[in-house]
2 protein chains.
Amino acid sequence: MTVGRPREFDVDKALDQALQVFWLKGYEGASLSDLTEAMGITRPSLYAAFGNKEALFRKAVDRYQGWAKAASCRALSATTSREVVEQMLRVAADWHTDPCHPRGCMMMQGTLACGSDAEALREEMVSRCAEGQAAMQTRFEQAKSEGDLPDDADPGALARYVTTVLRGMAVDAAGGASRQDLYKTIDIALRAWPVNGKAQPNRVAKAMTRRA
Amino acid sequence: MTVGRPREFDVDKALDQALQVFWLKGYEGASLSDLTEAMGITRPSLYAAFGNKEALFRKAVDRYQGWAKAASCRALSATTSREVVEQMLRVAADWHTDPCHPRGCMMMQGTLACGSDAEALREEMVSRCAEGQAAMQTRFEQAKSEGDLPDDADPGALARYVTTVLRGMAVDAAGGASRQDLYKTIDIALRAWPVNGKAQPNRVAKAMTRRA
DNA sequence: TTTCTTTTCTACCGGTCGGTATATAATAGA
DNA sequence: TCTATTATATACCGACCGGTAGAAAAGAAA
């Protein structure tokens, strides 16, 4: 029951369009003309609805990260650390080569692709990416305590390694690598994963609920 | 014995300064004002000496790639494929965290960090990066024929894997990762390297000349 | 219908972008 | 010294940047 002239466009759809533009062109590479044309609205409408360009970018990143976090949570709940990593990498490979949207990682394309004046933005994005790495680290610490990883395993270093491969794959995809190429890379990357000689007490029980 | 007024600045030194600016700010993020200030020359001097901004960037990339190719050749001449990869990754880690210049990879920071109008530039950089990957692939094919890699090894996929890790590390470094962090990542990444059960006839002989 | 609120549109702001016209200064050869 | 040639410095170009003022339009409440 709002008063005043009703908005003529769908805010969420417009945000999706803006996300695509940022993904493709980066934060600074996406001009307001690019954005308003893709969103199908005029400049003042954009400012009234989203604040300014930076706020619009943040909202686009929020939406993007929502998807990423959902996929990440699903992967983190896999039974073994190895399965966590494999799912993480495969989902990323599928995502970064999905023909429904631009290739590569939106946050990397959008934020690494920005000059120095948006330094604060970049640092925020770096720390946002670090969240995912930290989540993996805690998951691997849990795996270690469960005996799913050997005693000499370094959860932090392992999480960093996976993050590095993820970032590399995102660049590969942005540069045109095919999904099959990324799959082959994943097969090799996974051979670095430590195998433990200890018993894994919860493994069978967890495996039964894995596909729930 | 050239005629006319002599140039008052050192072209190579100016190009080095331009390289630093592009490295730090990217192709589009580096404005002509940024460049001329860092190079210590005026705008018309820049255009007279280098053509235009894009030509200047290409020359800067040429110089950067010269260093990269030299290091790459050194690594490729190592005895075993594993040593090739280890040296490749370690040199890259050192390079990308060298305090003497901006962090990360100049070509990635410079080119991935550009909008859509410089699409041709980006594609050229992508193909330039592919050269290094191709060189690794031929080196690994040689290793396979020498028995240094198992018969079921896929030289192309292995080269892609190493390239992916290299790209990931470059992003890590640009985001602030320490050299020690990258070293730990390398230790893990190397565990993916295939081990062969076959004899390696030339291994001892080559190892003797390795440190020559 | 009148009033109030909010969105939409056109047109514009100062600033910066990459690039250049023009005039002057500095050298080599005649 | 005079001329040809090249580099320098100032000042400027049209185009585009992110962002906004102000009027018209469309709804809800009175």
Side-chain angles (χ1 to χ4, degrees), chain A residues 1-15 17-19 21-22 24-61 110-111 113-122, chain B residues 1-15 17-19 21-22 24-61 110-111 113-122:
Chain A
M1 210 55 71
T2 61
V3 71
R5 177 172 174 172
R7 180 169 280 137
E8 293 182 358
F9 64 95
D10 184 327
V11 177
D12 283 336
K13 286 198 178 293
L15 184 55
Q17 296 303 316
L19 170 54
V21 176
F22 281 129
L24 207 58
K25 304 197 164 192
Y27 173 65
E28 294 198 325
S31 71
L32 282 182
S33 301
D34 294 330
L35 291 164
T36 52
E37 185 185 5
M39 300 164 86
I41 63 178
T42 61
R43 217 172 276 232
S45 296
L46 189 155
Y47 277 80
F50 300 101
N52 61 8
K53 188 184 176 183
E54 185 171 339
L56 174 63
F57 181 72
R58 260 177 237 275
K59 278 172 182 146
V61 171
T111 312
C114 76
S116 52
D117 48 338
E119 198 71 35
L121 235 185
R122 169 143 58 182
Chain B
M1 211 56 69
T2 63
V3 70
R5 177 171 175 174
R7 179 169 281 137
E8 293 182 357
F9 64 95
D10 183 327
V11 177
D12 283 337
K13 285 199 178 292
L15 184 55
Q17 296 305 315
L19 170 53
V21 175
F22 281 130
L24 206 58
K25 303 197 163 192
Y27 173 64
E28 294 198 325
S31 72
L32 282 181
S33 301
D34 294 331
L35 292 165
T36 52
E37 185 185 5
M39 300 164 86
I41 63 178
T42 60
R43 218 172 277 231
S45 296
L46 189 155
Y47 277 80
F50 301 101
N52 60 9
K53 187 184 177 184
E54 184 171 339
L56 174 63
F57 181 72
R58 262 178 235 276
K59 279 173 181 141
V61 170
T111 313
C114 76
S116 52
D117 47 340
E119 197 71 35
L121 236 186
R122 169 142 60 181

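Labels below follow one simple rule: chain letters A, B, ... track the order of the sequence lines, proteins then strands, and each chain is numbered from 1. This one's a predicted model, so the numbers in the text were calculated from it and none came from an experiment. Values below: all heavy atoms of this structure, side chains included; hydrogens, waters and symmetry mates excluded.
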Output one line per pair: protein atom, nucleotide atom from nucleotides 17-20 of chain C, and distance, for all N/O pairs under 3.5 Å.
from, atom 1, to, atom 2, distance (Å)
dC17(C), OP1, Ser31(B), OG, 3.3
dG18(C), OP1, Ala30(B), O, 3.4
dG18(C), OP1, Lys53(B), NZ, 2.6
dG18(C), OP2, Leu32(B), N, 2.7
dG18(C), N7, Arg43(B), NH1, 3.1
dG19(C), OP2, Tyr47(B), OH, 2.6
dG19(C), OP2, Lys53(B), N, 3.2
dG19(C), O5', Tyr47(B), OH, 3.1
dG19(C), N7, Arg43(B), NH1, 3.3
dG19(C), O6, Arg43(B), NH1, 3.4

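Here the closest heavy-atom approach between residue Leu19(B) and residue Ala60(B) is recorded as CD1-O, 3.9 Å. Residues Ala38(B) and Val21(B) approach most closely at CB-CG2, 3.5 Å, considering heavy atoms.
Every side chain to side chain contact (heavy atoms under 4.5 Å, CB included) that Glu54(B) has, sequence neighbours left out, goes to Tyr27(B), Asn52(B), Arg58(B), Leu121(B). Looking at residues two or more places apart in sequence or on another chain, you find a side chain to side chain contact (heavy atoms under 4.5 Å, CB included) between Lys59(A) and Leu15(A), Phe50(A). Listed by chain and number, the residues in a side chain to side chain contact (heavy atoms under 4.5 Å, CB included) with Glu8(A) are Arg5(A) (sequence neighbours excluded).
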Query raised in the report: Could you go step by step and tell me if Phe22(A) and Lys53(A) meet the side chain to side chain contact (heavy atoms under 4.5 Å, CB included) rule?
Result: CA-CA 10 Å; Phe22(A) 281 129; Lys53(A) 188 184 176 183; 4.2 Å; yes
Requested in this report: I would like to know whether Val11(B) and Arg7(B) meet side chain to side chain contact (heavy atoms under 4.5 Å, CB included); could you show each step before the answer?
Outcome: CA-CA 9 Å; Val11(B) 177; Arg7(B) 179 169 281 137; 3.6 Å; yes
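If you take CZ of Arg5(B) and P of dA7(D), they are 10 Å apart, rounded to a whole angstrom. To the nearest angstrom, P of dT8(C) lies 11 Å from CG of Leu46(A). Residue Phe9(B) contributes atom CZ, which lies 8 Å from atom P of dA7(D) at whole-angstrom precision. For the pair Asp10(B) CG and dA7(D) P, the interatomic distance rounds to 14 Å; values are reported in whole Å. Atoms CD1 (Ile41(A)) and P (dT20(D)) sit 15 Å apart, rounded to a whole Å. Rounded to whole Å, the distance from CD on Glu8(B) to P on dT24(C) is 18 Å. Distance Phe50(A) CZ to dT7(C) C1': 14 Å, rounded to the nearest Å.
At the phosphate of dT7(C), neither OP1 nor OP2 sits under 4.0 Å from any side-chain N or O atom of Ser45(A). Contact between the side-chain N/O atoms of Thr42(B) and the OP1/OP2 oxygens of dT8(D) is not found at any separation under 4.0 Å.
Taking the C1' atoms of five terminal pairs at each end of the helix from dT1(C)-dA30(D) to dA30(C)-dT1(D), the two resulting helix axes are inclined by 10°, rounded to 10°.
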For residues 40-49 of chain A, dump all side-chain donor-acceptor pairs below 3.5 Å to protein atoms at least two apart in sequence or in another chain.
from, atom 1, to, atom 2, distance (Å)
Thr42(A), OG1, Ser45(A), OG, 3.3
Arg43(A), NH2, Ser33(A), OG, 3.1

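Between Met39(B) atom CE and Asp34(B) atom CG the span is 12.0 Å, to the nearest 0.5 Å.
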